[in-house]
Amino acid sequence: MRIRYLTAGESHGKALVSIIEGIPSGMKLDVGFINDELARRMKGYGRGKRMLIEKDKVQILSGTRKGKTLGSPVTLLIENKDFKIESLPSISCPRPGHADLAGALKFGERDIRNILERASARETASRVATGALCKILLSEFGIKFLSHVVMIGGIKAEKRFSFGKMKLLAEKSAVRCVDKDASELMKNEIQDAKDAGDTLGGTFEVVAEGIPCGLGSYTQWDRRLDGNLARAVMAIPGIKAVEIGAGFNVAIKRGSEVHDEIFFEKSSKKFKRNQNAAGGIEGGITNGEDLILRAAMKPIATLVKPLRSVNINTKKATKAQVERADVCVVPSSGVIAEGVSAIEIACAMTEKFGGDSLIEMKRNYEGYLKQIKKL
Ligand code: EPS
(Lines give C-alpha, C1' and ligand atoms only; values in the text may rest on other atoms or scores of the structure.)
Protein backbone atom coordinates (compact mmCIF):
# COMPACT_ATOMS: atom_id res chain seq x y z
CA MET A 1 0.00 0.00 0.00
CA ARG A 2 1.34 3.46 -0.91
CA ILE A 3 1.94 5.72 2.07
CA ARG A 4 -0.41 8.71 2.33
CA TYR A 5 -0.86 11.26 5.11
CA LEU A 6 -2.85 14.27 6.29
CA THR A 7 -1.88 16.96 8.80
CA ALA A 8 -4.19 19.15 10.92
CA GLY A 9 -3.82 21.89 13.54
CA GLU A 10 -3.33 25.63 13.92
CA SER A 11 -0.22 27.48 15.12
CA HIS A 12 -1.81 28.53 18.44
CA GLY A 13 -4.43 25.76 18.59
CA LYS A 14 -4.33 22.88 21.04
CA ALA A 15 -2.07 20.65 18.92
CA LEU A 16 -0.70 19.61 15.55
CA VAL A 17 -1.70 16.18 14.27
CA SER A 18 -0.70 13.95 11.37
CA ILE A 19 -2.22 10.62 10.36
CA ILE A 20 -0.06 8.35 8.21
CA GLU A 21 -1.43 5.29 6.40
CA GLY A 22 0.78 2.66 4.71
CA ILE A 23 3.65 2.20 7.16
CA PRO A 24 4.27 -1.58 7.12
CA SER A 25 3.80 -3.61 10.33
CA GLY A 26 6.70 -4.83 12.44
CA MET A 27 8.75 -1.64 12.23
CA LYS A 28 10.43 -0.58 15.50
CA LEU A 29 9.22 2.96 16.23
CA ASP A 30 11.98 5.11 17.75
CA VAL A 31 10.10 8.05 19.35
CA GLY A 32 13.43 9.57 20.42
CA PHE A 33 14.49 9.84 16.79
CA ILE A 34 11.25 11.64 15.87
CA ASN A 35 11.79 14.10 18.75
CA ASP A 36 15.40 14.67 17.65
CA GLU A 37 14.15 15.56 14.18
CA LEU A 38 11.60 17.97 15.67
CA ALA A 39 14.41 19.59 17.68
CA ARG A 40 16.54 19.95 14.52
CA ARG A 41 13.66 21.85 12.88
CA MET A 42 13.56 24.39 15.70
CA LYS A 43 17.26 25.25 15.51
CA GLY A 44 19.08 27.68 13.22
CA TYR A 45 20.51 31.18 13.63
CA GLY A 46 17.70 33.64 13.04
CA ARG A 47 14.90 31.49 14.47
CA GLY A 48 12.15 33.40 16.36
CA LYS A 49 11.04 33.50 20.01
CA ARG A 50 8.41 30.78 19.51
CA MET A 51 11.28 28.32 19.55
CA LEU A 52 11.97 29.31 23.17
CA ILE A 53 8.38 28.49 24.15
CA GLU A 54 7.85 25.14 22.41
CA LYS A 55 9.56 21.86 23.25
CA ASP A 56 8.14 19.93 20.31
CA LYS A 57 7.70 16.33 21.46
CA VAL A 58 5.59 13.74 19.64
CA GLN A 59 2.84 11.59 21.19
CA ILE A 60 1.94 8.45 19.23
CA LEU A 61 -1.83 7.94 19.47
CA SER A 62 -2.34 4.94 17.16
CA GLY A 63 -0.80 2.31 14.90
CA THR A 64 1.69 0.80 17.35
CA ARG A 65 1.83 -1.80 20.13
CA LYS A 66 4.84 -2.68 22.29
CA GLY A 67 6.97 -0.19 20.31
CA LYS A 68 6.29 -1.70 16.88
CA THR A 69 3.96 -0.65 14.05
CA LEU A 70 0.78 -2.65 13.41
CA GLY A 71 0.32 -1.75 9.73
CA SER A 72 -2.67 0.43 10.73
CA PRO A 73 -2.69 4.26 10.50
CA VAL A 74 -0.12 5.94 12.77
CA THR A 75 -1.31 9.16 14.45
CA LEU A 76 1.32 11.65 15.64
CA LEU A 77 0.39 14.55 17.93
CA ILE A 78 2.52 17.56 18.94
CA GLU A 79 1.01 19.78 21.63
CA ASN A 80 1.30 23.58 21.33
CA LYS A 81 2.52 25.06 24.61
CA ASP A 82 1.56 28.47 23.15
CA PHE A 83 -2.11 27.41 22.95
CA LYS A 84 -4.02 30.70 22.96
CA ILE A 85 -5.94 30.77 19.68
CA GLU A 86 -9.22 31.92 21.26
CA SER A 87 -7.70 34.96 22.95
CA LEU A 88 -5.54 36.27 20.11
CA PRO A 89 -6.56 39.68 18.66
CA SER A 90 -8.08 40.14 15.19
CA ILE A 91 -5.85 41.26 12.32
CA SER A 92 -6.93 43.63 9.50
CA CYS A 93 -3.61 44.61 7.87
CA PRO A 94 -2.25 41.80 5.63
CA ARG A 95 1.50 41.11 5.47
CA PRO A 96 2.88 41.19 1.93
CA GLY A 97 4.39 37.76 1.23
CA HIS A 98 2.12 35.67 3.47
CA ALA A 99 -1.27 34.04 2.88
CA ASP A 100 -3.04 36.94 4.63
CA LEU A 101 -4.73 38.87 1.78
CA ALA A 102 -5.21 35.98 -0.66
CA GLY A 103 -6.55 33.85 2.19
CA ALA A 104 -8.95 36.55 3.44
CA LEU A 105 -10.35 36.97 -0.08
CA LYS A 106 -10.56 33.19 -0.64
CA PHE A 107 -12.39 32.44 2.61
CA GLY A 108 -14.36 35.73 2.77
CA GLU A 109 -12.59 36.45 6.07
CA ARG A 110 -12.48 39.92 7.66
CA ASP A 111 -10.24 38.67 10.47
CA ILE A 112 -6.87 37.64 9.02
CA ARG A 113 -6.05 35.83 12.26
CA ASN A 114 -8.36 33.07 10.95
CA ILE A 115 -6.08 32.71 7.93
CA LEU A 116 -2.60 32.88 9.42
CA GLU A 117 -3.30 30.30 12.14
CA ARG A 118 -3.29 27.45 9.61
CA ALA A 119 -1.07 29.17 7.03
CA SER A 120 1.72 29.53 9.62
CA ALA A 121 4.96 27.62 9.09
CA ARG A 122 4.19 26.03 12.47
CA GLU A 123 2.40 23.28 10.48
CA THR A 124 5.77 22.04 9.21
CA ALA A 125 6.37 20.42 12.60
CA SER A 126 3.74 17.83 11.56
CA ARG A 127 5.52 17.19 8.26
CA VAL A 128 8.88 16.80 9.99
CA ALA A 129 7.37 14.27 12.42
CA THR A 130 5.80 12.39 9.47
CA GLY A 131 9.10 12.58 7.59
CA ALA A 132 10.93 11.21 10.63
CA LEU A 133 8.59 8.21 10.69
CA CYS A 134 9.41 7.66 7.01
CA LYS A 135 13.16 8.08 7.69
CA ILE A 136 12.90 5.26 10.26
CA LEU A 137 11.37 3.01 7.58
CA LEU A 138 13.98 4.07 4.99
CA SER A 139 16.86 3.48 7.43
CA GLU A 140 15.87 -0.22 7.33
CA PHE A 141 17.04 -0.10 3.69
CA GLY A 142 20.20 1.94 4.30
CA ILE A 143 18.74 5.20 2.96
CA LYS A 144 20.01 8.33 4.75
CA PHE A 145 19.39 12.09 4.37
CA LEU A 146 21.26 15.29 5.04
CA SER A 147 20.62 18.95 4.32
CA HIS A 148 22.94 21.93 4.33
CA VAL A 149 22.70 25.63 3.57
CA VAL A 150 24.15 26.66 0.21
CA MET A 151 23.51 30.39 0.31
CA ILE A 152 22.06 33.03 2.64
CA GLY A 153 21.55 36.63 1.55
CA GLY A 154 23.95 36.21 -1.38
CA ILE A 155 26.76 34.57 0.64
CA LYS A 156 27.61 31.20 -0.93
CA ALA A 157 29.13 28.08 0.63
CA GLU A 158 32.09 27.14 -1.58
CA LYS A 159 33.16 23.83 0.01
CA ARG A 160 31.67 20.33 -0.27
CA PHE A 161 32.72 17.10 1.43
CA SER A 162 31.76 13.42 1.53
CA PHE A 163 28.20 12.62 2.63
CA GLY A 164 29.18 11.65 6.19
CA LYS A 165 31.42 14.68 6.74
CA MET A 166 28.81 17.07 5.31
CA LYS A 167 26.16 15.59 7.64
CA LEU A 168 28.45 16.13 10.63
CA LEU A 169 29.54 19.67 9.70
CA ALA A 170 25.98 20.80 8.91
CA GLU A 171 24.75 19.67 12.34
CA LYS A 172 27.54 21.59 14.07
CA SER A 173 26.96 24.89 12.24
CA ALA A 174 24.55 27.54 13.62
CA VAL A 175 23.34 28.08 10.05
CA ARG A 176 23.74 24.41 8.98
CA CYS A 177 26.42 25.33 6.45
CA VAL A 178 29.38 22.96 5.92
CA ASP A 179 31.69 25.83 4.88
CA LYS A 180 33.02 27.29 8.14
CA ASP A 181 34.06 30.68 6.71
CA ALA A 182 30.75 31.12 4.87
CA SER A 183 28.86 30.14 8.05
CA GLU A 184 30.28 33.11 9.94
CA LEU A 185 29.51 35.53 7.10
CA MET A 186 25.96 34.15 6.87
CA LYS A 187 25.41 34.66 10.61
CA ASN A 188 26.57 38.29 10.31
CA GLU A 189 24.26 38.81 7.35
CA ILE A 190 21.31 37.46 9.35
CA GLN A 191 22.20 39.70 12.30
CA ASP A 192 22.45 42.75 10.01
CA ALA A 193 19.00 41.97 8.58
CA LYS A 194 17.59 41.58 12.09
CA ASP A 195 19.16 44.89 13.25
CA ALA A 196 17.53 46.58 10.23
CA GLY A 197 14.10 45.16 11.16
CA ASP A 198 14.23 43.06 7.99
CA THR A 199 14.37 39.35 7.09
CA LEU A 200 16.54 37.12 4.90
CA GLY A 201 16.14 34.12 2.59
CA GLY A 202 18.53 31.78 0.86
CA THR A 203 19.03 28.33 -0.65
CA PHE A 204 19.66 24.87 0.82
CA GLU A 205 20.43 21.44 -0.54
CA VAL A 206 19.08 18.02 0.43
CA VAL A 207 21.15 14.92 -0.33
CA ALA A 208 19.97 11.32 0.13
CA GLU A 209 22.25 8.29 -0.27
CA GLY A 210 21.50 4.58 -0.55
CA ILE A 211 18.43 5.00 -2.76
CA PRO A 212 18.01 1.99 -5.10
CA CYS A 213 17.51 2.56 -8.81
CA GLY A 214 13.98 2.06 -10.12
CA LEU A 215 11.82 4.19 -7.79
CA GLY A 216 9.19 6.31 -9.55
CA SER A 217 8.17 5.80 -13.18
CA TYR A 218 7.94 7.53 -16.55
CA THR A 219 4.74 5.54 -17.33
CA GLN A 220 2.45 8.26 -15.93
CA TRP A 221 3.02 12.00 -15.25
CA ASP A 222 2.17 11.68 -11.56
CA ARG A 223 4.57 8.77 -11.01
CA ARG A 224 7.65 10.74 -12.05
CA LEU A 225 9.55 10.94 -8.77
CA ASP A 226 11.29 14.25 -9.63
CA GLY A 227 7.83 15.78 -10.07
CA ASN A 228 6.59 14.43 -6.75
CA LEU A 229 9.75 15.55 -4.90
CA ALA A 230 9.60 19.04 -6.44
CA ARG A 231 5.93 19.33 -5.47
CA ALA A 232 6.56 18.19 -1.89
CA VAL A 233 9.43 20.66 -1.37
CA MET A 234 7.63 23.51 -3.17
CA ALA A 235 4.70 22.95 -0.78
CA ILE A 236 6.83 23.98 2.22
CA PRO A 237 5.72 27.49 3.32
CA GLY A 238 8.07 30.11 1.85
CA ILE A 239 9.70 27.98 -0.86
CA LYS A 240 9.76 29.77 -4.23
CA ALA A 241 11.98 27.49 -6.37
CA VAL A 242 13.10 23.86 -6.45
CA GLU A 243 15.74 22.22 -8.65
CA ILE A 244 17.08 18.68 -8.97
CA GLY A 245 20.72 17.90 -9.70
CA ALA A 246 22.31 20.65 -11.80
CA GLY A 247 18.89 22.33 -11.88
CA PHE A 248 18.82 25.71 -13.62
CA ASN A 249 22.44 25.22 -14.71
CA VAL A 250 21.27 22.68 -17.31
CA ALA A 251 19.90 25.68 -19.18
CA ILE A 252 23.34 27.18 -19.79
CA LYS A 253 25.35 24.03 -20.51
CA ARG A 254 25.63 21.65 -23.46
CA GLY A 255 24.41 18.04 -23.41
CA SER A 256 27.99 16.82 -23.39
CA GLU A 257 28.48 18.64 -20.06
CA VAL A 258 25.09 17.87 -18.49
CA HIS A 259 24.42 14.18 -19.12
CA ASP A 260 26.16 11.72 -16.78
CA GLU A 261 28.20 9.25 -18.87
CA ILE A 262 27.79 5.55 -18.03
CA PHE A 263 30.52 3.02 -17.21
CA PHE A 264 30.47 -0.56 -15.88
CA GLU A 265 32.69 -1.38 -12.91
CA LYS A 266 33.67 -5.07 -13.27
CA SER A 267 34.87 -5.38 -9.66
CA SER A 268 31.55 -4.29 -8.08
CA LYS A 269 29.47 -5.37 -11.11
CA LYS A 270 27.80 -1.93 -10.89
CA PHE A 271 26.97 0.75 -13.42
CA LYS A 272 28.90 3.92 -12.58
CA ARG A 273 28.65 7.56 -13.69
CA ASN A 274 31.34 10.18 -14.28
CA GLN A 275 29.24 12.80 -12.39
CA ASN A 276 25.71 13.27 -11.00
CA ALA A 277 24.23 16.31 -12.78
CA ALA A 278 20.96 14.36 -12.96
CA GLY A 279 20.76 14.48 -9.15
CA GLY A 280 19.94 10.76 -9.01
CA ILE A 281 16.87 10.85 -11.24
CA GLU A 282 16.51 10.20 -14.99
CA GLY A 283 13.18 9.73 -16.75
CA GLY A 284 11.36 10.25 -13.47
CA ILE A 285 13.14 7.18 -12.05
CA THR A 286 15.94 6.98 -9.48
CA ASN A 287 19.16 5.79 -11.17
CA GLY A 288 21.05 4.60 -8.09
CA GLU A 289 23.09 7.79 -7.63
CA ASP A 290 22.59 10.15 -4.65
CA LEU A 291 19.40 12.18 -4.79
CA ILE A 292 20.36 15.88 -4.88
CA LEU A 293 17.82 18.69 -4.76
CA ARG A 294 18.06 22.39 -3.91
CA ALA A 295 15.43 24.95 -3.06
CA ALA A 296 15.09 28.69 -2.48
CA MET A 297 13.39 29.91 0.72
CA LYS A 298 12.08 33.46 0.63
CA PRO A 299 12.72 35.95 3.46
CA ILE A 300 10.13 35.67 6.26
CA ALA A 301 7.02 37.73 5.46
CA THR A 302 6.72 39.43 8.87
CA LEU A 303 9.09 42.44 9.00
CA VAL A 304 9.66 44.34 12.24
CA LYS A 305 9.94 47.39 9.95
CA PRO A 306 6.65 46.60 8.15
CA LEU A 307 5.96 47.13 4.45
CA ARG A 308 3.04 49.13 3.09
CA SER A 309 -0.35 47.48 3.13
CA VAL A 310 -4.08 48.28 3.28
CA ASN A 311 -6.53 47.74 6.13
CA ILE A 312 -8.97 45.27 4.50
CA ASN A 313 -11.88 46.66 6.53
CA THR A 314 -11.35 50.42 6.13
CA LYS A 315 -9.42 50.17 2.82
CA LYS A 316 -7.11 52.86 4.24
CA ALA A 317 -3.36 52.74 3.42
CA THR A 318 -1.44 51.45 6.42
CA LYS A 319 1.58 49.37 7.45
CA ALA A 320 1.47 45.54 7.49
CA GLN A 321 0.72 43.65 10.71
CA VAL A 322 3.83 42.84 12.77
CA GLU A 323 3.63 39.30 14.16
CA ARG A 324 6.27 37.51 16.21
CA ALA A 325 8.39 35.66 13.63
CA ASP A 326 11.83 34.44 12.63
CA VAL A 327 14.42 36.52 10.74
CA CYS A 328 15.77 33.65 8.62
CA VAL A 329 14.52 30.06 8.36
CA VAL A 330 16.83 28.75 5.61
CA PRO A 331 18.66 26.34 7.98
CA SER A 332 15.43 24.80 9.34
CA SER A 333 13.87 24.68 5.86
CA GLY A 334 16.54 22.18 4.86
CA VAL A 335 15.45 19.92 7.73
CA ILE A 336 11.80 20.23 6.66
CA ALA A 337 12.76 19.46 3.05
CA GLU A 338 14.63 16.34 4.23
CA GLY A 339 11.40 15.24 5.89
CA VAL A 340 9.07 15.80 2.94
CA SER A 341 11.65 14.19 0.60
CA ALA A 342 11.79 11.17 2.92
CA ILE A 343 7.99 10.92 2.70
CA GLU A 344 8.13 10.88 -1.12
CA ILE A 345 10.95 8.31 -1.19
CA ALA A 346 9.08 6.16 1.35
CA CYS A 347 5.94 6.41 -0.81
CA ALA A 348 7.94 5.24 -3.83
CA MET A 349 9.60 2.42 -1.83
CA THR A 350 6.26 1.09 -0.51
CA GLU A 351 4.78 1.46 -4.01
CA LYS A 352 7.58 -0.66 -5.53
CA PHE A 353 8.27 -3.14 -2.74
CA GLY A 354 4.79 -3.06 -1.18
CA GLY A 355 4.57 -5.15 1.88
CA ASP A 356 1.96 -5.17 4.60
CA SER A 357 4.86 -6.10 6.85
CA LEU A 358 8.45 -4.90 6.98
CA ILE A 359 9.61 -8.50 6.59
CA GLU A 360 7.69 -8.88 3.32
CA MET A 361 8.91 -5.49 2.07
CA LYS A 362 12.52 -6.45 2.83
CA ARG A 363 12.09 -9.81 1.04
CA ASN A 364 10.77 -8.04 -2.06
CA TYR A 365 13.61 -5.51 -1.89
CA GLU A 366 16.34 -8.20 -1.59
CA GLY A 367 14.78 -10.10 -4.50
CA TYR A 368 14.82 -6.97 -6.62
CA LEU A 369 18.49 -6.28 -5.84
CA LYS A 370 19.34 -9.83 -6.95
CA GLN A 371 17.32 -9.30 -10.14
CA ILE A 372 19.09 -6.10 -11.17
CA LYS A 373 22.47 -7.72 -10.49
CA LYS A 374 21.63 -10.29 -13.18
CA LEU A 375 21.04 -7.60 -15.83
C1 EPS B 1 6.87 28.81 13.49
C2 EPS B 1 5.91 29.20 14.38
C3 EPS B 1 5.33 30.54 14.35
C4 EPS B 1 6.28 31.57 13.78
C5 EPS B 1 6.94 31.09 12.53
C6 EPS B 1 7.47 29.70 12.51
O7 EPS B 1 5.02 30.81 15.70
P8 EPS B 1 4.48 32.23 16.22
O9 EPS B 1 3.59 32.76 15.13
O10 EPS B 1 3.72 31.91 17.50
O11 EPS B 1 5.70 33.03 16.44
O12 EPS B 1 7.26 31.91 14.70
O13 EPS B 1 6.01 31.19 11.51
C14 EPS B 1 6.37 32.08 10.52
C15 EPS B 1 7.50 32.74 10.52
C16 EPS B 1 5.40 32.23 9.43
O17 EPS B 1 5.64 33.14 8.59
O18 EPS B 1 4.40 31.48 9.41
C19 EPS B 1 7.38 27.40 13.49
O20 EPS B 1 7.03 26.64 14.43
O21 EPS B 1 8.13 27.02 12.53
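Order of appearance sets the numbers: ligands from 1, and atoms from 1 within every ligand. Note that the structure is predicted; figures quoted are calculated from it, not measured. Scope of the values below: all heavy atoms of this structure, side chains included, with no hydrogens, waters or symmetry mates.
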(message) Going by the rule salt bridge (charged side-chain N to carboxylate O under 4.0 Å, His left out), which residues pair with R224 if we only count those two or more places apart in sequence or in a different chain?
(response) none

(request) Would you please name every residue forming a salt bridge (charged side-chain N to carboxylate O under 4.0 Å, His left out) with R273, sequence neighbours left out? (result) E282

(request) Name all residues meeting the side chain to side chain donor-acceptor pair (under 3.5 Å) criterion together with N274; count only those two or more places apart in sequence or in a different chain, and write none if there are none. (result) none

(message) Regarding K159 and D181, does a basic nitrogen lie under 4.0 Å from an acidic carboxylate oxygen?
(response) yes

(request) Let me know which protein residues bring a heavy atom to under 4.0 Å of ligand 1; chain then number is fine for ordering. (result) S11, H12, R41, R47, R50, M51, H98, S120, A121, R122, I300, R324, A325, D326

(request) Might you work through the ring pair (Phe, Tyr, Trp, His ring centres under 6.0 Å) test for F263 and F271, ending with a clear yes or no? (result) CA-CA 6 Å; F263 305 92; F271 293 104; over 10 Å; no

(request) Before giving the answer on salt bridge (Lys or Arg N to Asp or Glu O under 4.0 Å), spell out for R254 and E257 the whole-Å C-alpha distance, their side-chain angles and the decisive distance to 0.1 Å. (result) CA-CA 5 Å; R254 295 208 170 157; E257 297 175 282; 6.0 Å; no

